[in-house]
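Below you'll find the structure, written out as structure tokens, and then a few comments.
Values reported hereafter were calculated over all heavy atoms of this structure, with side chains retained and with hydrogens, waters and symmetry mates removed. Per chain, numbering begins at 1; letters A, B, ... match sequence-line order.
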Amino acid sequence: EAGVAQSPRYKIIEKRQSVAFWCNPISGHATLYWYQQILGQGPKLLIQFQNNGVVDDSQLPKDRFSAERLKGVDSTLKIQPAKLEDSAVYLCASSLPPPEKLFFGSGTQLSVL
Amino acid sequence: GIQVEQSPPDLILQEGANSTLRCNFSDSVNNLQWFHQNPWGQLINLFYIPSGTKQNGRLSATTVATERYSLLYISSSQTTDSGVYFCAVDWWEYGNKLVFGAGTILRVKS
């Protein structure tokens with residue numbers, strides 16, 4: 001069974017530039033999450049989708065972050081414009097309708113210079 | 001909000017030793033999951049354990065929901081067990097979203 005796919009694996013940008021991350025969840029998983037993990041901390045939830053609807057985006061900095069999940073499958077997370085403090089690993093995860101076991105992708109390591 | 005505290009923060013073991021990692025949480029939870037983040041950053045789900053005990057090879061976990069804690073046991077540790085271990089709780093008031101602890105960094109030396 002294929003896992004959660006994410007790309008790119010690494011990204012380096014300058015502050016005020018824009019960046020986008022892509023995620024393809026495990027087949028059949030209706031719930032998709034984007035987490036931000038800052039070095040030395042546990043992952044923090046940014047946004048949760050159920051199919052193509054947003055369940056929770058209370059911790060998403062909406063002035064610069066946006067996310068969409070078209071057709072209830074793939075998802076993209078965008079940052080525009082990026083700030084230095086956005087340097088982190090961005091993790092995508094998926095599960096069957098919660099509460100269920102969560103499966104993570106390998107993440108995108110973002111460095112903002 | 002809910003507090004999720006993991007201990008110890010850091011642990012160094014000799015290969016073959018056993019260890020116990022602890023996760024305390026401050027409120028009722030719907031479920032609890034343990035994850036291992038390997039040195040390459042990949043998070044692997046070890047256990048989905050809202051209560052009771054589960055075993056998977058050299059790893060086992062116990063959650064006592066009424067006393068608000070969970071334990072992860074690693075027996076006969078191997079160097080491949082190195083990494084960060086996170087517990088994450090589904091807090092009933094947060095609605096089916098996981099809140100992560102800060103993790104326990106484990107280093108297993110050969």
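- Rounding to the nearest 0.5 angstrom, the gap separating the CG atom in Leu46(B) from the NZ atom in Lys101(A) is 8.0 Å.
- Contact check for Gln41(A) versus Phe86(B): no side-chain heavy atoms found under the 4.5 Å cut-off.
- By the rule that hydrophobic residues join a cluster once side-chain heavy atoms approach within less than 4.5 Å of another member, Trp34(B) and Tyr69(B) end up as members of separate clusters.
- Heavy atoms of Gln6(B) lying under 4.5 Å from chain A are absent altogether.
- More than 12 non-hydrogen atoms from other residues, nucleotides or ligands lie less than 6.0 angstrom from CD of Glu15(B).
- A donor-acceptor distance shorter than 3.5 angstrom exists from the side chain of Asn45(B) to the backbone of Leu102(A), with no hydrogens or angles considered.
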Donor-acceptor pairs under 3.5 angstrom involving side-chain atoms of residues 104-113 of chain A: please list them, not counting sequence neighbours.
| unit_1 | atom_1 | unit_2 | atom_2 | d |
| --- | --- | --- | --- | --- |
| Thr108(A) | OG1 | Pro8(A) | O | 2.5 |

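- Asp63(A) pairs by the side-chain hydrogen bond (donor to acceptor under 3.5 Å, both in side chains) definition with nothing, not counting sequence neighbours.
- Residue-environment remark: NZ (Lys71(A)) stays at or below the threshold of 12 foreign heavy atoms within 6.0 Å.
- Under a hydrophobic clustering in which Ile, Leu, Val, Met, Phe, Trp and Tyr are joined whenever their side-chain heavy atoms come within less than 4.5 Å, directly or via other members, Tyr85(B) and Ile49(B) fall into the same cluster.
- One distance of note links OG of Ser95(A) with CD of Gln33(B); it measures 8.0 Å at 0.5 Å rounding.
- Below 4.5 Å, heavy atoms of chain B meet no heavy atom from residues 78-89 of chain A.
- Criterion: ILVMFWY side-chain heavy atoms under 4.5 Å apart, direct or through other members. Under it, Ile12(B) and Leu72(B) are not part of a common hydrophobic cluster.
- Within a 6.0 Å sphere centred on CG of Leu96(A), other residues, nucleotides and ligands contribute more than 12 heavy atoms.
- Considering CD of Gln37(A) and CG of Leu43(B), their distance stands at 6.0 Å, rounded to 0.5 Å.
- With rounding to the nearest 0.5 angstrom, the OH atom of Tyr48(B) is 5.5 Å from the CD atom of Glu100(A).
- The side-chain hydrogen bond (donor to acceptor under 3.5 Å, both in side chains) check on Tyr35(A) picks up nothing, with sequence neighbours excluded.
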